[in-house]
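Here is the structure we will look at.
Letters A, B, ... mirror the listed sequences (proteins, then strands); counts begin at 1.
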There are 2 protein chains.
Amino acid sequence: MSHRHTDVTDQVSNEACPLTEVLDHVAGKWSIGILVAAAQGPVRFTELERTITGISRRMLTLNLRKLERDGLLVRTVHPTVPPRVEYRLTPMAQELRATLSGLVGWAERHRADITTARATYDAATTST
Amino acid sequence: MSHRHTDVTDQVSNEACPLTEVLDHVAGKWSIGILVAAAQGPVRFTELERTITGISRRMLTLNLRKLERDGLLVRTVHPTVPPRVEYRLTPMAQELRATLSGLVGWAERHRADITTARATYDAATTST
DNA sequence: CTGTATCCCTATTGATACTG
DNA sequence: CAGTATCAATAGGGATACAG
């Protein structure tokens with residue numbers, strides 16, 4: 001064994017893989033957006049609904065519950081007459097958000113490259 | 001306006017948001033797994049198919065194409081009699097992978113916390 | 001206001017068979 | 001080996017109406 005294509009097998013195979021773990025909590029279409037929106041401070045349900053733009057009430061609720069269950073969001077209900085519910089990030093989620101900024105940085109640095117790559121690929125694919 | 005719930009509106013709203021950009025390239029169920037697997041060096045199609053475990057041939061192909069189109073993977077075809085195709089990360093993707101390790105670190109640090117949070121949440125939800 | 005419950009539609013994915 | 005094509009199953013997500 002020294003064929004120089006090093007053994008890859010143990011990196012992705014099992015379900016305990018940290019990468020998979022991350023994805024399960026973050027990979028959703030809305031999760032990260034919610035985390036970012038909620039990071040600004042305690043945020044109310046309706047606020048999020050307006051902020052996230054394309055999200056439906058249903059999806060917002062589902063994602064909020066998931067994030068809460070994973071310990072990333074804290075849900076606080078103020079038992080006032082018009083119910084007031086606020087969401088805020090846990091310290092763990094704040095940490096995640098900080099980490100996420102690395103991704104954002106990467107995206108910003110390479111947005112143009114990606115656009116170019118796509119154009120090139122499409123050109124090569126579309127035409128003969 | 002000074003209700004201390006700072007204006008969130010400009011963070012997630014538009015489609016040009018870097019976060020959205022990142023997600024489009026990375027959020028897929030398999031994308032990151034593929035990138036990690038391919039990072040070890042030139043990898044062949046079948047190797048990936050075995051490595052990624054749960055992935056179907058179809059999904060592997062689709063994701064490979066997407067990643068290639070985005071300029072994250074380079075596909076090299078060796079015109080030998082049994083075709084030999086190898087995939088490797090572009091520098092841009094290597095950079096992404098480095099960034100990703102931050103996420104992996106976060107996941108590793110908090111895996112236990114998440115498990116606990118879920119158990120707590122489920123206990124509080126299931127009972128009563 | 002803050003959700004929950006339904007219905008329904010579409011996109012994603014798996015399984016399978018076939019090809020260069 | 002490395003895909004592509006096709007079909008069927010499913011889950012994700014939107015719209016809407018209703019409830020605490």
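- For A/R44, taking side-chain heavy atoms from C-beta onward, the closest of the listed nucleotides C/dG14, C/dT2, D/dT4 is C/dT2.
- As judged by a 4.0 angstrom heavy-atom cut-off over every strand, B/T46 is placed among residues touching the sugar-phosphate backbone only.
- Side-chain nitrogen and oxygen atoms of A/R65 include at least one within less than 4.0 Å of the OP1 or OP2 phosphate oxygen of C/dT4.
- One can place CD of A/E49 at 13 Å from P of C/dT4, the figure rounded to the nearest angstrom.
- Here the shortest heavy-atom pairing between A/A93 and A/L35 reads CB-CD2, 4.4 Å.
- Recorded end-axis angle for the helix from C/dC1-D/dG20 to C/dG20-D/dC1 stands at 50°, based on five pairs per end and rounded to 10 degrees.
- Summarising the geometry, the separation between CZ on A/R57 and C1' on D/dA17 is reported as 10 Å, rounded to the nearest angstrom.
- Nucleotide D/dA11 holds its C1' atom 14 Å from the NZ atom of A/K66, rounded to whole Å.
- Across B/P42 and B/E47, no two heavy atoms sit closer than the pair O-OE1, 4.4 Å.
- Nearest-nucleotide positions on DNA chain D for B/F45 and B/R58 put B/F45 closer to the 5' end.
- Taking a 4.0 Å limit (strictly below) on heavy-atom distances, residues 75-82 of chain A reaches DNA chain C at A/R75.
- Residue B/L60 contributes atom CG, which lies 15 Å from atom C1' of C/dA15 at whole-angstrom precision.
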